[in-house]
Amino acid sequence: MSDEALAALLLSFRVALLATAVASVSGVACARLLARAQFPGKEMLEAVLLLPLVLPPTVVGFGLLLLLGRKGPLAWVFPGQVLFTWWAAVIASAVVAFPLMYQNAKAAFESVDINQERAARTLGAGEMRVFFTVSLPLAWPGIMAGLVLAFARALGEFGATLMVAGNIPGQTQTAPMAIYFAVEAGDYRTAVPLVAIVLLFSFAVIFWLNWWSRNKVAPYALRRRG
Amino acid sequence: MQRVRILLLIIVLLIGVVSGCGAPGAEQKASPAPELMVFAGAGLKDALPEVANLYLQSHPGVKISFNFAGSGTLQRQIEQGAPVDIVIFPGKKQLDALEKKGLIDKTTRKKILADRLVLITPKESGKVQDFADLASPGVDKISIGDPAIVPAGEWAKETLVNLGLWDKVKAKLVLTKDVQQVKTYVETGNVDAGLVWRSTAATSSKIRIAAVAPAKAHRPIFFTGAVASNSKEKETDLDFLRYLAGPDAARVFTKYGFSPLSDVK
């Protein structure tokens with residue numbers, strides 16, 4: 001396997017893991033906050049949060065390009081120019097994966113019996129403790145589903161990433177990008193092994209995530225805690 | 001009651017499927033007029049439909065549909081059996097590949113128009129005035145199409161190599177999957193310069209054409225059309241191709257920034 005192809009694979013794994021982490025933490029947090037909150041404009045906010053799911057990835061990429069570009073309103077958030085660096089790839093993947101985690105986590109939190117949380121509070125638990133010992137464990141299966149989807153989406157992200165990170169082999173070229181360009185150029189010798197490895201890796205991660213959730217985390221959630 | 005509901009749902013779905021499939025079939029039987037499917041490089045998406053409309057005014061009854069995409073994508077689609085009557089590509093690579101596979105009729109290859117390669121910069125940026133400036137340290141990022149799959153990128157690389165700049169600017173290059181993306185990067189000010197066809201640059205008001213690539217720095221740029229081997233409307237195809245290379249079409253193309261064939265040797 002060529003150096004560039006290997007670099008693309010390693011970059012993809014790095015980007016996907018980081019983006020999934022970012023999307024998951026923020027997704028769970030937003031879901032928890034919005035599941036129990038009521039304020040004017042809530043539906044509108046939720047619709048905005050779900051936009052990256054509905055829009056074509058190239059449109060999401062273009063939007064990020066405008067926001068994070070040299071003349072963009074959010075450019076100040078990042079030191080230096082974030083476009084055409086692998087961080088832009090992480091941002092793009094996180095943005096498209098976020099709605100998947102958010103939507104699943106929200107459904108999960110909404111299905112948690114609010115009386116359990118109330119009971120915990122009457123027993124003196126602070127909000128953080130309620131969250132980590134009651135809400136999160138009870139919502140875990142839904143969050144797990146969101147995690148798997150978010151990871152799959154982040155790993156496969158192509159359109160938006162291409163726009164904001166660009167195709168710079170060795171620096172920002174992810175596996176989906178490498179596969180696309182190889183197929184376009186008729187270079188199946190590069191494309192096929194890449195596809196195979198990405199498939200194997202995705203399969204392994206998702207399989208392990210589901211196994212870990214079923215065998216390790218669910219029992220913890222169901223265990224009685226004093 | 002539950003079973004009735006399920007039955008109703010199935011009936012509704014079946015109706016949907018049948019009505020969806022029925023319509024185009026019925027259409028085809030009813031119209032004997034020639035329908036041309038044209039696969040063309042994305043750069044022609046503004047000019048070509050206008051030329052087609054002119055053609056249709058003198059040839060009523062003909063129906064022309066377009067599929068605009070990157071040359072690499074079009075080549076793949078045709079290789080995989082996509083139904084097509086006419087293909088129009090910038091450059092020769094994809095056309096030669098299709099000819100080798102017998103997918104186009106090589107006796108019908110016809111040059112349709114010419115173009116030039118230009119260096120563009122964001123409108124307010126004065127950093128780059130000519131090709132030589134690309135090597136200067138103040139220029140951070142330059143965008144071109146990926147030479148492996150984008151004809152404009154191929155020509156960009158050829159020009160940079162012939163101008164002795166390739167090695168100096170290689171590290172600054174951001175490769176894109178089509179020439180429109182180069183234009184977008186320059187328009188939004190995220191790269192300092194880009195290399196695109198003059199016809200691509202002509203459609204934007206947010207960029208400045210800093211320089212035109214000297215003609216001797218690259219092979220001449222032609223858009224070439226050909227008739228697909230599997231086309232069922234060969235006569236109409238040839239007629240349309242001839243029209244595209246003619247003076248009426250040339251006037252429209254020049255309006256969009258292309259060069260008439262006479263400009264390029």
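Not measured: the values here are computed from a predicted model. Throughout, protein chains are lettered first and strands after them, A, B, ... in sequence-line order, and every chain is numbered starting at 1.
- Only the side chain of B:Asp146 comes within contact range of chain A, judged by heavy atoms closer than 4.5 Å.
- With a 4.5 angstrom heavy-atom cutoff, B:Thr176 touches chain A only via backbone atoms.
- Closest approach of B:Tyr185 to A:Val164, counting heavy atoms only: OH-N, 4.4 Å.
- The minimum heavy-atom distance between A:Glu184 and B:Arg76, with the atom names listed, is O-NH2, 2.6 Å.
- Of the two parts of B:Glu187, only the backbone, made up of N, CA, C and O, holds a non-hydrogen atom closer than 4.5 Å to a non-hydrogen atom of chain A.
- Using a 4.5 Å heavy-atom cutoff, the side chains of A:Phe84 and B:Val191 are in contact.
- Looking at A:Met163, both its backbone and its side chain come within 4.5 Å of chain B, counting heavy atoms on both sides.
- Taking chain B as the reference chain and counting heavy-atom pairs below 4.5 Å, the highest number among A:Gly166, A:Gly72, A:Ala185 is found for A:Ala185.
- When each of A:Leu68, A:Ile168, A:Thr172, A:Val183 is checked for heavy-atom pairs under 4.5 Å with chain B, A:Val183 comes out on top.
- Formation of a donor-acceptor pair under 3.5 Å by the A:Asn167 side chain with backbone atoms of B:Lys177 is not found in this model.
- Using a 4.5 Å cut-off between heavy atoms, A:Gln81 contacts chain B through its side chain alone, with no backbone atom that close.
- Ranking A:Leu162, A:Thr58, A:Leu66 against chain B, the residue ahead of the rest is A:Leu162, based on heavy-atom pairs under 4.5 Å.
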